[in-house]
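To keep things clear, I will list the structure first and then write my remarks on it.
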Amino acid sequence: MQKSLENQAVLWRLRVAIDAPLAVNFDYLAPADTTPSDVGLRVVVPFGSGRRVGLILAVLPLSGDGTAADAPAADQLKPAESILRDLPPMPVDWISLCLFAASYYQAAPGEALLQAIPTGLRKPDPVKRRALKAVSKIEHEAPMQPALTAGQTAVLDDLLPRLNGYSANLLFGITGSGKTEVYLRLIEAVLAQGKQVLLLVPEINLTPLLEARVTQRFPHVPVVSLHSEVTEAARARHFAAALTGEAHIVIGTRLAVFTPMPKLGLIIIDEEHDPAYKQLEGMRYHARDLAVWRAHQAGVPVVLGSATPSPESWANVQSGRYQRLDLPERAHADAVLPAMTLLDTRRMTLDEGLSAQLLEELAQGLAAKEQSLLFINRRGYAPVLTCTACGWVSNCRRCAAHRVVHSLDRTLRCHHCGDTSPIPRQCPDCGNADLRPLGRGTQRVEESLRKHFPQARILRVDRDVATTRKQWEVLEAQIRSQDVDILVGTQMLAKGHDFPALTRVCVVGADAGLFAADWRAPERLFAQLMQVAGRAGRADRPGRVIVQTEHPDHALYQCLLRHDTPAFLDLELTARQQAGFPPYAAQAIVRAEAKQIDNVLDFLQRIRGLVPQEQHPEVFIYDPVPMRMVRLAGRERAQLLLESPSRIALQNFLNQWLPMISAGRGMTRGHAPGGVRWGVEVDPLEC
DNA sequence: AGCACGCCGACT
DNA sequence: GTCGGCGTGCTC
């Protein structure tokens, strides 16, 4: 064949990363049009029985010197099919970011590189690709810039002169202190330099507010968004626009930290403490941590904004790695902090979990025609159904959890695996008809409030009534138009927008977060309470926050009373230091599951002994233990926790140990005898 | 991860 | 007699 004779002009081999959990890259004969500057381009290659899109990591001489000893000989290589030239190559710093993520989080290089590329750009035969441009621009006049507060001015005076180099900055400002305005001024300055801005947000579906403010402020600037609600096709277009430099602002959730941006000038991470920045599937990365690494590598500033910073970031301020910038006052001069009250319920008789004082508070709100919010972070009617005669409880068949009573459709539902069935008329074990719901969730509180305040307009907001963004927008409009007197809701309401008429926030059931098995529960509770408290009171009307508790002396509540976030964070860090928890130790965790817990524990015990303890004195491996929720969706789970005072020592150990567990195979995930599936997570948020 | 090959159970 | 279970091994 004439064609293949021509192709013998190939001079190069392509080293290609493939989207598979394999530690190695694959070499191919380069097509005739290959040049050494094709590194970073996508390439269609034959792989196994099929075809894949891979990424060119290196263009090497076909045989000889530069090639690693274990690389296949030239005559063993298959020819690559074609190099895709519809986009510019991925920048080298983008490749470094992905490879760093892969090595740090113990994933395969190909896995990290290709998960960062939208699936639309990973198909060997693209469905007729529309011109990869078209960044939507809404042309309107830029609004007047609001005057800056003294605090905002001070922060900007500090930051603006430092835009041309790396610095990590924790922007610590209470709700309503005007962090967004600071972001906007920084963005403006970076855009003026002709550079791109990456703005990360935790979950865009409930916080489109920030995106709206950015597009409004910069009506003539191409802005692009990247998150799960953006369609596949649009995601590919937006990604391409960032890569070509056409998009000047990229707004996105955690996955957007991997957006290629050749002219990156600034990274902003809003609500940096939010656990949504942690990816929990595939490569389990933390977008905030990667963003800081990326900023460092790119030599640009990173701004981490929060009213309740993560203890990790707080520790980085204390060690001098991050610079702390405070926004101390509320942006509206007349707005005051809400008055916090703790309601000690130890000596009180409660009606459906609600104290008389709390009901009185809601009655006052009604009388004043102001909105109130009752916050209870538990959905459903009651967390469990029990039999009064024999002690039967509504356990899930597939999980180590109770099934929750839902009153609307009269079902028992497992919140972990989704298993649902009608509420039984009588006890499945003894036939007794007296079944009793224990505890309470939003539905039960809503029901009891309707009894107490039959004339009030009560609206419940939780994931059961606001499943989609559309549904939420309808509810939100209802709240804002003041068609609602009392809101009952979960943390869903804590985020969201401003509700101007809302003056009272009542919290019930918060104590559960104080003594939870998860030692990060208190910090999440504190952030949640601060956030929900921030909903109360606006410009002219002062807010009131009432927290029902049986532990009014608890340090967390005492800090909350004083709006003293720094004190709370200092306490948390002291406790962590004493316990030897992160960030004063590095952790990794191996989780495994199978049908039988014994197989899982055996597997973990075996891999634990793979390297004798005396060979890794700096890394301590705990005993394998069943997970807190042993059974999930019919599979039994256990875990192995690894801890080290040194992050490097832990990394070195993992690099030696993981390949031993299953040589040559996938690193992050694997299979073992007995139907065991396992995976590693570095810097776990739950353990 | 896919996917192929490969050797042991209950069904048309 | 076959469809199919998932164990093991490979992908330049």
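A, B, ... follow the sequence lines: proteins, then strands. Residue 1 opens every chain.
- The distance between atom CD1 of A:Ile18 and atom P of B:dC3, rounded to the nearest whole Å, is 14 Å.
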### Message
Between A:Leu113 and A:Leu99, does the side chain to side chain contact (heavy atoms under 4.5 Å, CB included) criterion hold? Intermediate values first, please.
### Response
CA-CA 7 Å; A:Leu113 284 158; A:Leu99 293 181; 3.9 Å; yes
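- Rounded to a whole Å, the CZ atom of A:Arg13 is 9 Å from the C1' atom of C:dC12.
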### Message
Does A:Arg524 form a salt bridge (Lys or Arg N to Asp or Glu O under 4.0 Å) with A:Asp518? I'd like the steps, not just the answer.
### Response
CA-CA 10 Å; A:Arg524 271 182 269 128; A:Asp518 180 354; 2.4 Å; yes
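- Rounded to an integer number of Å, the gap from A:Met283 CE to B:dA1 C1' is 15 Å.
- Within residues 46-58 of chain A, the residues approaching DNA chain C are A:Pro46, A:Phe47, A:Gly48, by heavy-atom distance under 4.0 Å.
- When each of A:Phe258, A:Phe100, A:Tyr285 is checked for a ring-ring contact (aromatic ring centres under 6.0 Å, His included) with A:Trp293, only A:Phe100 meets the rule.
- Residues A:Leu60 and A:Arg15 have side chains in contact (heavy-atom distance under 4.5 Å, counting atoms from C-beta outward).
- In this structure, A:Leu113 atom CG and B:dA1 atom C1' are separated by 16 Å, rounded to whole Å.
- Distance A:Glu281 CD to B:dA1 C1': 15 Å, rounded to the nearest Å.
- Rounded to an integer number of Å, the gap from CG of A:Leu14 to P of C:dT11 is 19 Å.
- Atom CG in A:Leu29 sits roughly 12 Å away from atom P in C:dC12 (whole-Å rounding).
- For the pairing with A:Asp86, the salt bridge (charged side-chain N to carboxylate O under 4.0 Å, His left out) check across A:Arg237, A:Lys123, A:Arg42 returns one residue only, A:Arg42.
- We find that CD of A:Glu111 is positioned 10 Å from P of B:dG2, with the value rounded to whole Å.
- Contacts of A:Arg608 classified as side-chain contact (heavy atoms from CB on, under 4.5 Å), with partners at least two apart in sequence or in another chain: A:Gln605, A:Ile621, A:Asp623, A:Pro624, A:Leu640.
- For A:His671, no side-chain nitrogen or oxygen approaches OP1 or OP2 of C:dT8 to under 4.0 Å.
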